[in-house]
Amino acid sequence: MPELPEVETVKRGLLPLIGQRWRHVTVRRADLRRPLDASAFSPWRDATVCAVTRRAKVVALELVRADGARAYLRFHLGMSGRLYFTDPASEWLPHEHLELAFSASVLRFRDPRRFGWCDLLPADDYASWSATLAPEPFSPELTPEWAMRRAGRSSIKAVLLSGRVVVGVGNIYACEALYRAGIAPQRLAATLSAEEWAKLIAAVRAVLEAAIAAGGTSLRDYVTVDGAPGWFQVQLAVYGRAGQPCVRCGTPIERIVQQGRSTWWCPRCQAG
DNA sequence: CGCGCTGCCTGGAAGC
DNA sequence: TGCTTCCAGGCAGCGC
């Protein structure tokens, strides 16, 4: 279930593609979360990968063509998507939907639940899409002032998940960040003070930083592009820990449902 | 427009 | 043990 740290880890694993040329795409299954349109790829054959980037939970290869035109090959891993290098001759595994051949590497996309997608966008369209999104967690644009302007009328948990204040925060890190900041998930976002927002923004950054440093969270099926598991799970303080004692105060962690999603929290440490 | 609910999809776990 | 049901997740689309 990739969130930002997992996608960031995948991004770093794809850096060896820089300098390689994209040669070929093989589609085994096109009905992903968004239908895969391989015909959009063909004008970009032999383009060179000049950068690997990430925006929110999307990882992208920046391609530059001989005529100078640029495009972005975007991947969204959904919740079960994986991207890894493989041998050119290796047999197709179940749920492998896509293969991209580069001059020195072969990349495959596997996604049992097919919540992920892949497309190729001209650089202008990529920039327009990126401009519609809220700031990245580590962006200096993410300030308490910005957050208070964008808070809206929902609970703070819903606002974190919605992406209207900051992108890339999914259910796991929303729960963990609220715990670390000592803020109750049911609080209306509009009632948070500048100080509380500052604390929450710092908490979001801290949990994401720790998760990236650990190579991403692994709940069940997340692995890096090299196939190594990312075991950050042991460090989660509240997520999935209903009934277990809070690591700080011993109060049993509670599970509630907000917007149809589970929230885990400590009613004592997050009394605010 | 903003907000919340629903459906997409599959495999693993829990319940009967 | 074998069947059914539920749940996880991001996000688009819909209705209020």
Side-chain angles (χ1 to χ4, degrees), chain A residues 1-11 28-37 54-60 74-83 93-98 109-119 121 128-130 132-134 136-137 147-178 185-191 204 207-208 211 216-223 229-230 232-233 236 238-244 253-265:
Chain A
M1 27 212 75
E3 292 194 29
L4 186 147
E6 294 77 10
V7 181
E8 181 65 26
T9 302
V10 169
K11 186 201 105 174
R28 294 186 82 221
R29 197 162 177 169
D31 56 334
L32 306 181
R33 183 77 178 85
R34 295 182 185 173
L36 190 61
D37 176 22
R54 179 192 57 73
R55 183 74 170 101
K57 292 168 186 160
V58 171
V59 62
R74 298 191 300 178
F75 297 92
H76 196 299
L77 302 180
M79 67 173 292
S80 59
R82 296 183 201 170
L83 211 45
L93 297 172
H95 310 300
E96 285 185 342
H97 309 311
L98 176 69
F109 179 67
R110 177 175 188 266
D111 186 6
R113 277 167 248 189
R114 288 187 288 123
F115 266 36
W117 48 263
C118 171
D119 67 7
L121 281 184
S128 317
W129 163 74
S130 178
T132 65
L133 302 179
E136 289 287 321
M148 290 172 89
R149 279 204 301 277
R150 296 282 301 165
R153 298 169 178 270
S154 313
S155 69
I156 184 57
K157 168 75 185 315
V159 168
L160 282 180
L161 285 184
S162 73
R164 52 179 289 132
V165 167
V166 58
V167 297
V169 180
N171 205 32
I172 297 172
Y173 299 110
C175 293
E176 293 296 314
L178 286 166
Q186 308 92 327
R187 276 277 297 281
L188 292 181
T191 69
V204 165
V207 294
L208 293 178
T217 293
S218 183
L219 285 186
R220 287 174 195 87
D221 44 17
Y222 173 75
V223 290
F232 182 68
Q233 185 183 6
L236 297 179
V238 286
Y239 183 86
R241 296 192 65 240
Q244 298 176 46
I253 299 301
E254 284 185 11
R255 175 185 173 271
I256 58 173
V257 175
Q258 298 177 282
Q259 280 78 44
R261 292 280 175 267
S262 291
T263 302
W264 288 271
W265 70 301

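In what follows, every chain begins at residue 1, and chains take the letters A, B, ... in the order their sequences are listed.
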> Specify the separation, in whole Å, of atom CG of Leu160(A) and atom P of dG10(C).
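Whole-Å distance recorded here is 12 Å.
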> Could you run through nucleotides 3-9 of chain B and give me one letter per nucleotide, 5' to 3': B if any protein heavy atom sits under 4.0 Å from the base, S if only the sugar-phosphate is that close, - if neither?
SSS-BBB
> Are the side chain of Arg33(A) and the backbone N or O of His76(A) linked by a donor-acceptor pair below 3.5 Å?
no
> To the nearest Å, how far apart are Arg255(A) CZ and dA14(B) C1'?
13 Å
> Nearest whole angstrom, please: distance from the P of dC11(C) to the CG of Asp111(A).
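From Asp111(A) CG to dC11(C) P: 13 Å.
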> Rounded off to whole Å, could you give me the CG-to-P distance for the Leu161(A) and dA8(C) pair?
13 Å
> According to side chain to side chain contact (heavy atoms under 4.5 Å, CB included), who are the partners of Ala147(A), at least two apart in sequence or on a separate chain?
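Checked Ala147(A) against side chain to side chain contact (heavy atoms under 4.5 Å, CB included); matches are Val165(A), Trp197(A).
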> Bend across the helix from dG2(B)-dC16(C) to dC16(B)-dG2(C), to 10°, with axes taken over 5 pairs at each end?
60°
> Over how many whole Å does the gap from Arg82(A) atom CZ to dT10(B) atom C1' extend?
13 Å
> Check every atom of dA12(C), dA8(C), dT10(B) against the side chain of His95(A) and return the nucleotide holding the closest atom.
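For the His95(A) side chain, the nearest candidate turns out to be dT10(B).
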> Using side chain to side chain contact (heavy atoms under 4.5 Å, CB included) as the criterion, list what pairs up with Ala190(A), not counting sequence neighbours.
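Side chain to side chain contact (heavy atoms under 4.5 Å, CB included) list for Ala190(A), sorted by chain: empty.
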> Which atom names give the shortest non-hydrogen contact between Ser155(A) and Gln259(A), and what distance separates them?
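Where Ser155(A) meets Gln259(A) most closely, the heavy atoms are OG-OE1, 4.0 Å.
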> Using whole Å, what does the distance between atom C1' of nucleotide dC11(C) and atom CZ of Arg34(A) come to?
9 Å
> Over how many whole Å does the gap from Phe75(A) atom CZ to dG10(C) atom C1' extend?
18 Å
> Is there a side-chain contact between Leu161(A) and Gln258(A) in this structure, where contact means two heavy atoms from C-beta onward sitting under 4.5 Å apart?
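No, every pair of side-chain atoms sits at 4.5 Å or beyond.
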> Looking across every strand, which nucleic acid part, if any, lies under 4.0 Å from Ser262(A) by heavy atom: base, sugar-phosphate, or nothing?
sugar-phosphate
> Within the pair His76(A) and dC11(C), is there a side-chain N or O less than 4.0 Å away from OP1 or OP2?
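For His76(A), the contact criterion (side-chain N or O under 4.0 Å from OP1 or OP2 of dC11(C)) is met.
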> Restricting to ring pair (Phe, Tyr, Trp, His ring centres under 6.0 Å), what partner residues turn up for His97(A), sequence neighbours left out?
none
> Which of these passes side chain to side chain donor-acceptor pair (under 3.5 Å) with Asn171(A): Lys157(A), Glu176(A), Arg261(A)?
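Answer after filtering Lys157(A), Glu176(A), Arg261(A): Lys157(A).
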> Which heavy atom in Arg110(A) sits nearest to a heavy atom in Pro94(A), and how many Å separate them?
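Shortest heavy-atom separation between Arg110(A) and Pro94(A) comes out as NE-O, 2.9 Å.
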> Could you state the CG-P distance from Leu32(A) to dC11(C), rounded to the nearest angstrom?
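The answer, rounded to whole Å, is 15 Å.
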> Taking only residues two or more places apart in sequence or in another chain, which ones pass ring pair (Phe, Tyr, Trp, His ring centres under 6.0 Å) with Trp265(A)?
none
